[in-house]
Amino acid sequence: MSETQPQSQRPELPPSWNPAEVEGELYQRWVDRDYFTADPSSDKPPFSIVLPPPNVNGSLHMGHALNHSVMDALSRRRRMQGYEVLWLPGMDHAGIATQNAVERDLAGQGLSRHDLGRERFVERVWEWKAEVGGRILDQMRRVGDSVDWSRERFTMDEGLSLAVQTMFKKLFDDGLIYRAERIINWCPRCQTALSDIEVDHSDDEGELVSIRYGEGANSIVVATTRAETMLGDTAVAVHPEDERYRHLVGTEVELPLTGRRIPIVADDHVDPAFGTGAVKVTPAHDPNDFEIGQRHGLPSLTVLDGRGVLTVPGPFEGLDRFEARPAVVAALREQGRIVAEKRPYLHSVGHCSRCDTVIEPRLSLQWWVKVAPLAKAAGDAVRDGRTKIHPPELAKRFFAWVDDMHDWTISRQLWWGHRIPVWYGPDGEVVCVGPDEQPPTGDGWHQDEDVLDTWFSSGLWPFSTLGWPERTTELERFYPTTVLSTGYDILFFWVARMMMFGLYAMDEVQPFDNVYLHGLIRDANGKKMSKSRGNGINPLDWMDSYGTDATRFTLLRGANPGSDMALAEEWAAGSRNFVTKLWNATKFALGNGASIDIPLPARENLTDTDRWILDLLDRTVSEVDGHFEGYQFAKLCDALYHFIWDEYCDWYLELAKVQIAEGGERAEATRAVLGHVLDVVLRLLHPIAPFVTETLWTTLTGGESLVVAEWPKPSGAEPDLVAAKRIESLQKLVTEIRRFRSDQGLRPGQKVAGRVRGACCADLVDHVASVRALTRLEEPGDDYQVTMTLEVGLPTGAVKVELDTSGAVDLVAERKRLTKDLAVAEKELAQCDGKLDNPKFTDKAPAEVVAKIKARREAAVVEIERITARIDSLPTA
RNA sequence: GGGCGCGUAGCUCAGCGGGAGAGCAUCGGUCUUACAAACCGAGGGUCGCAGGUUCGAAACCUGCCGCGCCCA
């Protein structure tokens, strides 16, 4: 397997960690060695991960950086565990966004796509893609993504396009694709239909105008936020139970400004409490009105064109909808028909998710996917556990969406995308052409002008990228994929569509076994990062300033499943500090001869300290594994951070100095432990922070690469609880002495003569040297004079520490310190007594809880006695 | 309007029936030979409010207040 260089030939560690200088080189080395290339013929268990394909024109934002950190961490761990990992990279063609970008480009030269014509325009988009598209792929390299570049795909590739056509034909033949004239979301700027989820709703300030239709007793007042559409009204609707209007139902009123007479109809869906309880009905320009129109056989009158310009002959013809609105209101006001006006009036308005233009509901003929059966299958796959959603709470959201999903408009009035494979004949024939069929030719035959929604093709991604519709070995081996990771806001975009299509195309086999949903990235104030707010942080800036490892660690450390995370620069700086800490610790260990070449001595030949850190390491390995399995990235990072910084660096390294100073076998054993712990911990951290761990680990071990190193397992040793207790005592004793020193104003580095008494009674004989070293106690000389004695209660017993503080002791500080300790102990005693004096507690609480409280009480009593005695013995100032 | 989620230290969040925690920030002290991007020490919370269940509630139930998200 991997070759290991002898210690003498291993590279020296550079004096400091400069991520920017080495990350690119390290990454390229991994790629060159084909570590990330999947081998479908291997006999390893498969692990495959779906990259939600980013837009060809997109660039990396924090959400991507988080998601890619997640996917990479998962992939790297599995690779180390011996799985055959396939993480396949690629992009989608982003129909609307890309066409917009190229059209903007053309506009700069005074051209429109129509000047070029369809064919030339599409060529131009391909050129654009080659020149400026795909920036995000380079950025993925910066993140360190361990993707298989040899399998990169693009939704407009030949193979994936074939998959699209195959899927369309299959759905069409099964009656799941149909063509219908309905109200759709139309973007007057992008000039295309949009599906419901491509529309964002916001509460905007508008106006609510009440208009009187008709005259005298027969008149009726309607309230509207869209006065300009009244020109297309074909009815007024009221609720059937509404007493106010019952007499008018069935009559007609004259529609102002037009002279047309329109009926008053009764419809259940009218809300009698809204406005006047009467609504104007414009079937061609409002989805609800369209439905009312359908129910009552009303005509649909289109009065706005695709640009949102009024087309009704007369004074308003040619006015844009937003100019027409005040103009129509003014004309109505002149006739005395405006009964009330409310401005500003806050109401929900749909905007194009691509360009933010206000959506125009528009009656038009489009292709649709009948989603009910597909959506039901998607819901069932989650319901019966074939696909698990992490965290499970979010499954509710998925069901809510999938169980009440409207049909999906899939045609887009664009040129960039997969053209709808339907041909229309001279006599009204409609022929859907499959991938192996020839389209009909001859006079009068022509192909549908529209293309498919980009999500139609990205919905196929989990299997089209593996070669579907062919049954390739890749497909056999890597489908269903193991996990899809994405933000919960994208649940309905990728997840729902991939689920529907995957189950349908792959004989009811789900596209992924797991869906991990992370939270949204917010700024330090909890506001969502967005371009319009200008509060976005560019992950590449962080990678430049703090390194990729620190950036990844920051993101993953904040990733609690399903909940959002707030980010600020300090977070990244903190992670950078952590990486630096690890660097320095390794440097120290190596400088002291830490090595993996020294065999780890048998446990009985190790010290308490060694066994303690090895046991903690075992626990950390188990914790990290558990958290990986549960997608608990924040906890995983915390476990590693805590172990490395608080246990290994703050305690073990300091204690190791003492052991190394002993020399001989003790020093040699310590070097083995130092090296072993580092080796394991670097492996554990590698999926999170691949670059720095690779650098440190190859230096430490001379191994080929951590990418292909083995994932650690717990040693299986029984934890030494006695050693753990002694170390706990040691730590407490050290802290107490330091606290005293600090309270007495002694400098941390200042040596103080002193002795530890009673170590044997506290079972700490072997640890006195360490305590002395960590608290800077020096051997008493001839002039030794005990000026202060500390009594410290420890888990293993009590010890006395004598100190020569060479001078007056600050008695006020010492009294304060003891008084504080006394208060803590007294509070503890009171708490315990409170419980134990309650017979209900002693009767009903479990015996072990009662025993525990009793033990705590005893400890508190002893503590109080000791402290009280100390206070009493202090000379009064 | 319907649904979901969240209110715990100054900030960001863990904890989700038996001793209030972490990171960052704050305060005091230190260049103690891996690390001042560090070390040592310290302070800081009626766990949103009000009831209830329980021997025991930050946690479970109900109501209220505040915030956020999704859908209409």
Side-chain angles (χ1 to χ4, degrees), chain A residues 13 15-17 196-197 201 271 273-274 287-288 348 391 393-394 396-397 399-401 404-406 488-489 491-492 519-520 522-528 546 550 554 557-558 560 562-592 594 632 634-635 637-638 641-642 645-646 649-650 653-654 656-657 734-751 773-776 817 820 827-828 831-832 834-846 848-850 852-853 855-856 859-860:
Chain A
L13 213 52
S16 63
W17 174 237
D196 293 344
I197 54 172
H201 292 272
D271 176 7
F274 175 78
N288 293 321
S348 177
E393 302 92 82
L394 282 170
K396 274 183 263 176
R397 249 192 207 202
F399 297 139
W401 168 260
D404 183 31
M405 197 172 170
H406 300 291
Y488 66 74
D489 56 328
L491 187 60
F492 311 133
L520 274 31
R522 298 173 179 278
D523 68 12
N525 302 313
K527 294 269 180 272
K528 202 167 160 177
Y546 304 108
T554 304
R557 197 183 190 190
N560 285 303
S563 63
D564 295 350
M565 76 178 81
L567 285 183
E569 191 118 3
E570 303 97 271
W571 282 220
S575 301
R576 184 264 325 263
N577 295 353
F578 173 58
V579 168
T580 308
K581 187 78 183 174
L582 179 66
W583 179 271
N584 285 320
T586 309
K587 200 172 73 178
F588 166 80
L590 288 170
N592 281 279
Q632 299 278 359
K635 287 177 184 157
C637 290
D638 269 340
Y641 185 96
H642 179 250
W645 202 314
D646 302 338
C649 292
D650 283 354
L653 290 190
E654 295 305 323
K657 288 175 187 174
V734 166
T735 303
E736 283 301 312
I737 298 171
R738 284 172 174 170
R739 188 159 78 101
F740 169 80
R741 293 179 52 124
S742 183
D743 286 347
Q744 289 295 322
L746 295 162
R747 282 180 290 106
Q750 189 180 326
K751 301 272 193 199
L774 267 60
T775 56
R776 312 277 158 195
R817 194 172 73 87
K820 203 177 106 190
K827 191 180 166 196
E828 172 80 354
Q831 261 180 10
C832 293
K835 290 190 179 196
L836 294 169
D837 291 349
N838 182 353
K840 287 177 182 169
F841 171 76
T842 45
D843 290 351
K844 295 195 175 182
E848 64 266 27
V849 172
V850 177
K852 199 169 146 191
I853 299 292
R856 275 173 52 192

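Letters go in sequence order (proteins before strands), and every chain restarts at 1.
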Does B:G17 pair with anything, Watson-Crick or G-U wobble, both distances under 3.5 Å, and if so, with which nucleotide?
none
Using atom CZ of A:R522 as one end and atom C1' of B:C13 as the other, report the distance to the nearest whole Å.
14 Å
With heavy atoms under 4.0 Å as the rule, sort A:T586 into base, sugar-phosphate or nothing.
nothing
I'd like to know if A:K396 reaches the base of B:C4 with its side chain such that a donor and an acceptor end up less than 3.5 angstrom apart.
no
Specify the separation, in whole Å, of atom CG of A:N560 and atom P of B:G5.
17 Å
If you look at every strand shown and take non-hydrogen atoms under 4.0 Å, does A:R738 touch a base, only sugar-phosphate, or nothing?
sugar-phosphate
At 4.0 Å (heavy atoms only), tell me whether A:S563 reaches a base, stays on the sugar-phosphate, or touches nothing.
sugar-phosphate
Both distances under 3.5 Å, Watson-Crick or G-U wobble: report the partner of B:A57, or none.
none
Taking OP1 and OP2 of B:G15, is either one under 4.0 Å from a side-chain nitrogen or oxygen of A:K635?
yes
Within the 4.0 Å heavy-atom criterion, would you say A:Q750 contacts the bases, only the backbone, or no part of the nucleic acid?
nothing
Is there, by distance only and without an angle test, a donor paired with an acceptor across the side chain of A:R856 and the base of B:G19 below 3.5 Å?
yes
What is the nucleic acid contact for A:C649, judged by heavy atoms within less than 4.0 Å: base, sugar-phosphate only, or nothing?
base
Is A:N577 near enough to B:A38 that one of its side-chain N or O atoms lies under 4.0 angstrom from OP1 or OP2?
yes
Report yes or no: is there a donor-acceptor pair, N or O only, under 3.5 Å between the side chain of A:Q831 and the base of B:G19?
no
May I ask you to check if A:K657 and A:F588 form a cation-pi contact, with NZ or CZ under 6.0 angstrom from the six-membered ring centre and within 45° of the axis?
yes
For atom CG of A:D489 and atom P of B:G5, their distance in whole Å
18 Å
Base, sugar-phosphate or nothing for A:K587? Non-hydrogen atoms, less than 4.0 Å.
sugar-phosphate
Between A:H406 and A:D564, name the one whose nearest nucleotide on RNA chain B is closer to the 5' end.
A:D564
Tell me if the side-chain of A:Q632 makes a donor-acceptor pair with the base of B:A14, cut-off 3.5 Å, by modelled atom types.
no
State the pairing partner of B:A37; accept Watson-Crick or G-U wobble contacts with both distances under 3.5 Å, and report none otherwise.
none
Using a 4.0 Å heavy-atom cut-off, does A:P839 contact any base of the nucleic acid, only the sugar-phosphate backbone, or nothing at all?
nothing
Looking across every strand, which nucleic acid part, if any, lies under 4.0 Å from A:R741 by heavy atom: base, sugar-phosphate, or nothing?
nothing
Name the nucleic acid region contacted by A:Y641, choosing base, sugar-phosphate or nothing; use a 4.0 angstrom heavy-atom cut-off, strictly under.
sugar-phosphate
Does the side chain of A:K820 get closer than 4.0 angstrom to OP1 or OP2 of B:A42 through an N or O atom?
no
